[in-house]
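Counting convention: from 1, in listed order, for ligands and their atoms alike.
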Amino acid sequence: MKLWGGRFTKATDAAVDDFNSSIRVDKRMYKEDIAGSIAHARMLGARGIISRADCDIIIKTLEEILVDIESGAVCFKTDAEDIHMNIEKILTDRIGDAGKRLHTARSRNDQVALDIRMYLLNAAEHIKDMLVDTETALLKIAGENLETIMPGYTHLQKAQPVTLAHYMMAYACMFERDIDRLCDCAKRMRVMPLGSGALAGTTHPIDRESVAEELGFDSVTLNSIDGVSDRDFVLETEFCIALVMMHLSRFCEELILWNSDEFGYITMDDAFSTGSSIMPQKKNPDVAELIRGKSGRVYGNLMATLTVMKGLPLAYNKDMQEDKEAVFDSVDTLMMCLEVFPKMILTMKINRDRMLSGARGGFTNATDVADYLVKKGVPFRDAHEIVGKIVLYAEWNKKAIDELTLEQLKEQCPAIEEDIYSAISMQACVNGRSNIGGCAPEAVMSSIKRLKEKLRIS
Ligand code: ARG
């Protein structure tokens, strides 16, 4: 018999039991469900809505059920539909009438809204810790490569020399914003919906604030209809996760390129590469490719939930049960990626010679030649034009700009002197960009310091 079976004259079709059930997906919220029920029971007891004795036995038994679930002694049932009714059913089987009183002044609609919020708040904490691990790895690589010169790109064309440290810090800044975004999203998630009932609130004299306080929420929802029908926090979490995946994916794309024979800037460690079943020579960056690939599914989860919610009339609709499969998949996928990612980058070999020779090609110091001329009094637009000609000339002669003789350079512009060479070396290009946020070692060092202070790591 179903917990809601009173008005039914027929058993549910077996196929419908299976179809309707979400236990397979939502059983992972058992801890949150039990914590929520304990807080609810305590409040019902304190308010005299249920007796002290009932309250005590409910709480004690829920604690025992938690231990039993964790030890694997509990078998959830598909026909009990979801985690909420499974636990209530186990409770009632164990303590009878007292168990049946737990659901007073509550609906599964506010119960599930509570459970997902609690689950995702916890998951967000976990993700933030993992993002700190990733940032820590980036800060380590950055600290060791303040003077590792490599080309920076625009349009995937060599643009200006930068350092690997600067590059790594670019990603560290993204992940830092990701942490901020998760914190911000958590603020809206720490609003407690229990007490919304099915949609209209409850006639019982409940105390929502005490439940919120016991469960670590900052406040309570202000509208019972919104309390049960809001899934913005699910979407925001999915978006935050999608954005982290986008950052990881861009990074992985670069690593895949850098690991290629054409670039040769890094060599992935054997432990983070895989081979080919036919080509004996192959060593593929599968981990990076998979992270890039998984970002597609995570974006899909966000789109799926947006689409589920689109056009749903207030308040609860069963469609909303579909939210969990998507958001849990996003959480799991991101956690899997963040588990391997820092390990992968910490073990990759950095081929500094290749990076430096990459930076030397492609006239990456052309802007610095223009800046040199500006410092000699040439207006920037004229300098730009002159250097364009120098680049053409160097290209015809198959030389880098700093491989041209002073005579050749002077022919293009008489303002050029011997000091040009020290002004446009790769080191000079990098070291000269010492403003805040620039790529000079001292500037990057101060960014590293600021980020470490923020993350409280040494
Ligand atoms: N398993 C449901 C869900 O995840 C719980 C809420 C069910 N409420 C209802 N009225 N059927 O959305």
Of Gln160, Met426, Lys158, Arg360, the residue whose pairing with Pro151 passes side-chain contact (heavy atoms from CB on, under 4.5 Å) =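 Filter result, single survivor: Lys158.
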Considering only heavy atoms of Ser22, which atoms of ligand 1 have at least one such atom less than 4.0 Å away?
->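 Answer for ligand 1: 1 (N).
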May I ask you to check whether [X] and [Y] show a side-chain donor-acceptor distance below 3.5 Å?
{"X": "Thr347", "Y": "Asp269", "value": "no"}
{"X": "Ser210", "Y": "Arg42", "value": "no"}
{"X": "Glu254", "Y": "Tyr153", "value": "no"}

Top protein contact for [atom], by heavy-atom distance:
{"atom": "atom 11 (N) of ligand 1", "value": "Arg108 NH2, 3.4 Å"}
{"atom": "atom 2 (C) of ligand 1", "value": "Gln321 OE1, 3.2 Å"}
{"atom": "atom 5 (C) of ligand 1", "value": "Asp82 OD2, 3.4 Å"}
{"atom": "atom 6 (C) of ligand 1", "value": "Tyr316 OH, 3.4 Å"}
{"atom": "atom 8 (N) of ligand 1", "value": "Asn109 OD1, 2.9 Å"}

Electrostatic pair Arg297-Asp329, nearest N-O below 4.0 angstrom =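 Salt bridge between Arg297 and Asp329, a charged N being under 4.0 Å from a carboxylate O: yes.
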Counting only heavy atoms, which portion of Lys324 has something under 4.0 Å from ligand 1: side chain, backbone, both, or neither?
->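 Under 4.0 Å from ligand 1, Lys324 contributes side-chain atoms alone.
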What pairs of residues pass the ring pair (Phe, Tyr, Trp, His ring centres under 6.0 Å) test when at least one of them lies in residues 326-356, not counting sequence neighbours?
->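 Those involving residues 326-356 are Tyr119-Phe328, Phe251-Phe341.
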Short N/O distance, under 3.5 Å, between Glu81 and ligand 1?
->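 No - when backbone and side-chain N and O of Glu81 are compared with those of ligand 1, no distance drops under 3.5 Å.
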